[in-house]
Amino acid sequence: MPELPEVETVKRAISPALAGQCIKSVRLTRSDLRWPLPDGMAAHLTGQRCGEPRRRAKYIMVPLEDNTTLLVHLGMSGAIRLYDNKPEFGTHDHFSLEMETGSWMVFSDPRRFGHLDIIPAGGEAEHPLLSHLGIEPLSNHLSGPWLSDVLRGKKTPIKSALLDQRLIAGLGNIYVNEALHMSGISPRRLAQTIAGKRAEKLVIAIRTVLAAAIEAGGTSLRDHVQPGGEIGYFVQRLSVYGRTSEPCLTCATPIKELRQSGRASFYCPSCQR
DNA sequence: CGCGCTCCCTGGCCGC
DNA sequence: TGCGGCCAGGGAGCGC
């Protein structure tokens with residue numbers, strides 16, 4: 001499901017249920033997610049008070065009162081739901097927290113590409129899943145000059161470079177396609193040719209598309225919903241993603257599709273160069 | 001070193 | 001309606 005806007009939306013949604021509240025019980029029905037969950041995770045969490053959840057790239061981090069951190073990654077198919085009372089659990093509800101308020105937070109993930117972990121106190125910078133992450137695209141670090149600098153000499157297509165979490169962390173397949181369309185850049189263009197005005201334009205497009213998606217509550221594809229059951233409305237504003245053969249909203253040229261590094265790319269052959 | 005491919009897993013959809 | 005093949009919003013690990 002989730003790229004940065006969806007994860008940000010989930011984080012905001014679960015924040016009121018978790019922040020300042022104690023975990024009353026933990027329901028853990030399988031430990032074989034992307035990697036085996038750490039031993040004793042349920043016991044570690046039980047009874048602890050949660051702090052304010054934070055987001056880093058596509059990860060959610062919940063600080064705990066013993067200064068360790070609960071790390072949550074939703075993978076491709078992960079979702080979090082909130083309930084006021086104990087719910088009926090489904091097959092893929094692998095991990096749930098019962099809060100002292102009586103509400104439940106349920107982590108569900110059919111494909112099990114998601115992951116949960118406990119980060120030791122002070123260990124976030126060294127965590128193997130976090131240490132290599134690049135800059136946050138909504139931070140001040142992202143600028144035209146910075147982007148042209150990190151892309152200098154890169155012969156990979158710009159599409160692949162934008163998906164590389166070691167450079168910019170949080171973009172995924174939907175928003176990379178959308179940002180490239182918004183900035184008039186072909187997904188095939190070599191990364192090293194993005195500089196100057198073109199880099200500025202791409203940076204603005206990345207920020208604009210992410211901010212708009214967050215504001216819309218993310219993009220709901222297929223049956224995915226946000227924690228409270230709401231859908232994300234950004235799906236109605238996608239310009240190219242999933243619109244193969246449909247007219248470009250700018251120039252009416254049919255949208256084309258290709259595969260790059262095993263992932264679908266969607267682009268307007270007329271607007272994007 | 002840096003790149004692209006494969007794989008992890010389940011479920012939904014499409015075509016026959 | 002049943003079934004095989006293909007596809008999916010991520011990303012680590014490996015081979016070239």
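Here is how names work: the chains are called A, B, and so on, in the same order as the sequence lines, proteins then strands, and each is numbered from 1.
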**Asked** Please give, in whole Å, the distance from C:dA12 P to A:Leu163 CG?
**Response** 13 Å
**Request:** Round to a whole Å and report the spacing from CD of A:Glu257 to C1' of C:dC6.
**Result:** 12 Å
**Message:** Categorize A:Pro157 for me: base, sugar-phosphate, or nothing, with a 4.0 angstrom heavy-atom threshold over every strand shown.
**Reply:** sugar-phosphate
**Message:** Can you identify which nucleotide, out of B:dC9, C:dA12, C:dG10, has its nearest atom closest to the A:Arg112 side chain?
**Reply:** B:dC9
**Request:** Any chance you could lay out the salt bridge (Lys or Arg N to Asp or Glu O under 4.0 Å) test for A:Lys58 and A:Glu6, step after step, and finish with the verdict?
**Result:** CA-CA 9 Å; A:Lys58 302 172 192 173; A:Glu6 290 74 40; over 6 Å; no
**Message:** Over all strands shown, is A:Gln260 touching base, sugar-phosphate only, or nothing at heavy-atom distances under 4.0 angstrom?
**Reply:** nothing
**Request:** Indicate whether any N or O donor in one side chain lies under 3.5 Å from an N or O acceptor in the other, for A:Ser265 and A:Gln260.
**Result:** yes
**Complete:** Here the distance between atom C1' of B:dC7 and atom CZ of A:Arg263, to the nearest Å, is 13 Å
**Request:** Just compare B:dC3, C:dG10, C:dA12 and give me whichever is closest to any side-chain atom of A:Lys154.
**Result:** B:dC3
**Prompt:** Which one, B:dC3, B:dG4, C:dG10, comes nearest to the side chain of A:Ser160?
**Reply:** B:dG4
**Asked** Quick one: A:Leu71 CG to C:dG11 P, roughly how many Å, whole number?
**Response** 12 Å
**Request:** Remember a base hit wins even if backbone is also touched, and classify A:Leu129 as base, sugar-phosphate or nothing at under 4.0 Å, heavy atoms.
**Result:** sugar-phosphate
**Message:** Can you measure A:Lys155 atom NZ to B:dC1 atom P for me and round it to whole angstrom units?
**Reply:** 18 Å
**Prompt:** Once you round it to whole Å, what is the distance between C1' of C:dA12 and NE2 of A:His73?
**Reply:** 11 Å
**Fill in**
Per nearest nucleotide of DNA chain B, the residue lying toward the 5' end, A:Gly262 or A:Arg30, is A:Gly262
**Message:** Is the shortest side-chain heavy-atom distance between A:Leu45 and A:Ile118 below 4.5 Å?
**Reply:** yes
**A:Ser186, A:Pro247, A:Cys248 screened by side-chain contact (heavy atoms from CB on, under 4.5 Å) with A:Cys268, the one that passes** = A:Cys248
**Message:** Students often mix this up, so state it plainly: with edges at 30° and 60°, are the rings of A:Trp104 and A:Phe89 parallel, tilted or perpendicular?
**Reply:** perpendicular
**Item:** Base of C:dG11 and ring of A:Phe113 stacked, centres under 5.5 Å, planes under 30°
**Value:** no
**A:Thr250/A:His181 under side chain to side chain contact (heavy atoms under 4.5 Å, CB included): CA gap, chis, key distance, verdict** = CA-CA 10 Å; A:Thr250 307; A:His181 180 258; 3.9 Å; yes
**Prompt:** Side chain of A:Arg111, base of B:dC9: donor and acceptor closer than 3.5 Å?
**Reply:** yes
**Prompt:** Taking NZ, NE, NH1 and NH2 as the nitrogens, is one of them in A:Arg237 or A:Glu178 under 4.0 Å from a carboxylate oxygen of the other?
**Reply:** no
**Request:** Mind checking A:His115 for me? I need base, sugar-phosphate or nothing, with any heavy atom below 4.0 Å counting as a touch.
**Result:** nothing
**Message:** Without decimals, in angstroms, what is the distance between A:Leu74 CG and B:dT10 P?
**Reply:** 18 Å
**Asked** Taking any strand in view, what nucleotide pairs with C:dC3 in a Watson-Crick or G-U wobble way, both distances under 3.5 Å?
**Response** B:dG15
**Prompt:** Counting just side-chain N and O atoms, does A:His92 come under 4.0 Å of either OP1 or OP2 of B:dG11?
**Reply:** yes
**Prompt:** Side-chain N or O of A:Thr156 less than 4.0 angstrom from OP1 or OP2 on B:dG4?
**Reply:** yes
Taking only nitrogen or oxygen atoms into account, show me every contact under 3.5 Å that the protein makes with nucleotides 13-16 of chain C, one pair per line with its distance.
none

**Message:** Is it the case that over 12 heavy atoms from other parts of the model lie below 6.0 angstrom from the CG atom of A:Asp39?
**Reply:** no
**Asked** Using a cut-off of 4.0 Å on non-hydrogen atoms, how would the nucleic acid contact of A:Tyr241 be classed: base, sugar-phosphate, or nothing?
**Response** sugar-phosphate
**Request:** Rounded off to whole Å, could you give me the CD1-to-C1' distance for the A:Ile60 and C:dG10 pair?
**Result:** 15 Å
**Prompt:** Looking only at atom P, what distance separates B:dC1 and C:dG11, rounded to whole Å?
**Reply:** 23 Å
**Message:** Roughly how many Å apart are C:dC7 and B:dC5, using the P atom of each and rounding to a whole number?
**Reply:** 14 Å
**Asked** With a 4.5 Å limit on heavy-atom distance, are the side chains of A:Ser245 and A:Ile255 in contact?
**Response** no
